[in-house]
Amino acid sequence: MSIVIENGRLIDPANNTDKQTNVFIDKGVIAGIGRQPVGFTARKTINAKGQLVLPGLIDLCVRTREPGFEYKATMDSELAAASKSGITSICSPPDSDPIVDTPAVVKLIQQRAYEVGKVKVFTLGAMTKGLKGEQLAEMYSLQQAGCIAMSNALYPITNMQILRRAFEYAHSCGLTVFIQPNDVDLQNNGVANEGAFSTRLGLPPIPETAETVALASALLLIEQTGVKAHFCRLSSARSVAMIKQAQKEGFPVTADVDICHLHLTEMDITNYNVDCHLYPPLRTERDRSTLVKAIEDGIISAICSDHQPHDIDAKSAPFSLTESGASTVEILLPLTLHLVEQKQLSMMNAIAALTSRPAEILRLESGNLSVGSPADICVVNHESDWEVNKANMMSMGRNTPFHGWNLSAEVYTTIMNGKITYQKKDK
Amino acid sequence: MTEHTQQTDPQGRLKHFLTTEGLNHTLLTSILDHAENFAGVENRPVKKVPLLRGKTVVNLFFEASTRTRTTFELAAKRLSADVLNLNIATSATSKGETLRDTLRTLEAMHCDMFIVRHANSGAAHYITTQVAPHISVINAGDGRHAHPTQAMLDMFTIRKHKGDFAPLKVAIVGDISHSRVARSEIHALNTLGVTEVRVVGPATLIPKDVESLGVHVFNDMSAGLEGVDVVMMLRLQRERMSDALLPSAHEFFNRYGLTEKRLKVAKKDAIVMHPGPINRGVEIESNIADSSRSVILQQVSHGIAVRMAVMAMCMQGNTEGIES
């Protein structure tokens, strides 16, 4: 279907564009910007005056909970929730059940994603069999089946020799590795950032070194093996400094941060708020503000939702016994633009962190509004006023720490491959 | 769901007793005063007052305990309440029932008060969010977080011996990191206005930024005990050795064990406390534990009066009637 989006403020970091113009969509791709292409007739017109027109968002970490955890959420519910946030592509980690360590599981996920259709689902393959950190997974076969990169998700490889081999092998396949740095011995079953807050609440602490020691070892092995690496969910100022140094020295490394760590700190746990039980743990205000600045400086490339929907029982227990993670996918864009309103982030960098930069990490052709690119687009009213309410969430997981927050950005239309996947209903 | 948990009702009266943190001087003092009145009950021929008659108190213990559970039980019985003891380690949760379901079941039995001990910090807070509004929750120890009735019975014992809190210097010795007792003592002592609270132990057993709770940290035992009025020894758990927090019990005693010789640097009339059960020859030598300076057994008997006071106050019982 041919669509024209008229008079919106088009922000396209890949082309360094921020101007009011028209976008023409035809045959699933962007047919023109500004002037109407020859022979184009619009079957549908979207008036975007006063609204933002952005590339469809690329979220580097969404757990749809399918397959294996359908009691928490399903591909249907979570992809619908994602498209409500203007997301057109997600990256899904390999820790489903069954684990993504055989081509058959990749095919299953692709099949389900195709059936649902709202969002492009890119799968990370397991670096080791069963994510156990013992034997290499069939990375080449997983790549052939469609895995976009490799990861051991939340199960760090503790044996340095195996980590080295996994890096070498992935590198020889031309695969990027996604690493969430964590030293499990230093983590020691902790649940909150080590400091005054964990001490006061008596919560088992996680020191910052659980992240930085693992990051340092990984960086040395990256230097040795040459593998292209992406660090996921950094949470501390110290990690930012280490990534900055590594990039300065020419290491092939990128990094992301999840949206919760850009808004919240350990103080939000006060009185054992289980919705703030996250991994990595929420840290200090200094860490939070350093992470935001690292997005602005480009040291951290991407902002992701790290979406982890949970069932009620998973979050109904004393703090340490609850499962970690927050349901955030449907508010990723409003929460990011909230940082722009607060003048913590510039509009261009904020949008880049959700579009062009993650596209670069995954080597996708989307994430931009160039003529000829896939028509993955969202139209956003950024002067709305609405309140986050657990009861009205589209995601099956109601575990959001942002319940009651007033946000101003609201997606009106999401388009994926030229098809409308989300349309806000007028009241 | 997880709204801010208030320990007091809109009139400022105690509703739940979860932590000593945040309760004001007047309330803490009033717990001690009520306990003073209840202490008299024990010397009567009939050791009962009818304040909680018709009420059902549930001892909900997810962790083993002897003295805390029995003193709570005695306290409830002396207030004429019906008492239900649930040892959850051997009960429904081991059959896969969730904590939430256990609470629902108990609620259906029309209970009025839950006395909760749990291995996880924040468990008592969590339970207040899950029960009907008329139910009071008393924390009998949650993870490393709080053990407020233990702290109050210690405050009671200190007041008995020292009268005024203001001039006191108090040293808490041992495993501060894993101790809910230490945290509750620190908050109570600071609110009651002591001169100084010290924590004494090796760096491996002192939690990060503990100074923010209002204490001075000492790694050296002699320096830590110098001039103090009260020495509180904490119990050392055996598993600390396997967690690489300590080389051995022997080395701990060598460095931090309370001996007559070490105690010399404290005030002449310094008292020695321990929440029990004591490890003789690990935290404390027998000479001291059995000496006149040790108030360890008094702590246990004061536990009953203090727990009666807290339970009566939480149930809004009229405590004026028992002053005699």
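Every chain is numbered from 1 and lettered A, B, ... according to where its sequence line falls, protein lines coming before strand lines.
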Contacting moiety of Glu21(B), where chain A heavy atoms sit under 4.5 Å: side chain
Heavy atoms from other residues, nucleotides or ligands near CG of Asp97(A) exceed 12 (cutoff 6.0 Å): yes
Proximity breakdown for His178(B) and chain A, heavy-atom pairs closer than 4.5 Å: neither
Identified side chain to side chain contact (heavy atoms under 4.5 Å, CB included) partner of Asn120(B) from the options Leu321(A), Val191(A), Thr322(A): Leu321(A)
Heavy-atom pair with the smallest gap, counting every atom of Arg144(B) and Pro205(A): NH1-CD, 3.4 Å
Side-chain heavy atoms of Pro207(B) within contact of Glu194(A), under 4.5 Å: no
Aromatic contact, His145(B) with Tyr272(A) (centres under 6.0 Å): yes
Ser316(A) and Tyr126(B): CA distance, side-chain angles, deciding distance, side-chain hydrogen bond (donor to acceptor under 3.5 Å, both in side chains) verdict: CA-CA 8 Å; Ser316(A) 188; Tyr126(B) 166 72; 2.7 Å; yes
Other residues, nucleotides, ligands: >12 heavy atoms within 6.0 Å of Arg286(A) CZ: no
Within 6.0 Å of CE in Met267(A), more than 12 heavy atoms from elsewhere: no
Residue pair Leu201(A) / Ser121(B), side-chain heavy-atom distance below 4.5 Å: no
Flag if over 12 foreign heavy atoms under 6.0 Å of NE2, His134(B): yes
Gap between atom CG of Asp313(A) and atom CG of Asp101(B) - 0.5 Å precision: 7.0 Å
Residue part contacting chain B, namely of Pro207(A), when any heavy atom lies under 4.5 Å: neither
Backbone of Lys208(B) reached by a side-chain donor or acceptor of Thr199(A) within 3.5 Å: yes
Region of Ser212(B) that comes under 4.5 Å of a non-hydrogen atom in chain A: side chain
Heavy-atom neighbours of Arg235(B) CZ exceed 12 at 6.0 Å: yes
Inter-residue atom distance Ile186(B).CD1 - Arg200(A).CZ, 0.5 Å rounding: 13.0 Å
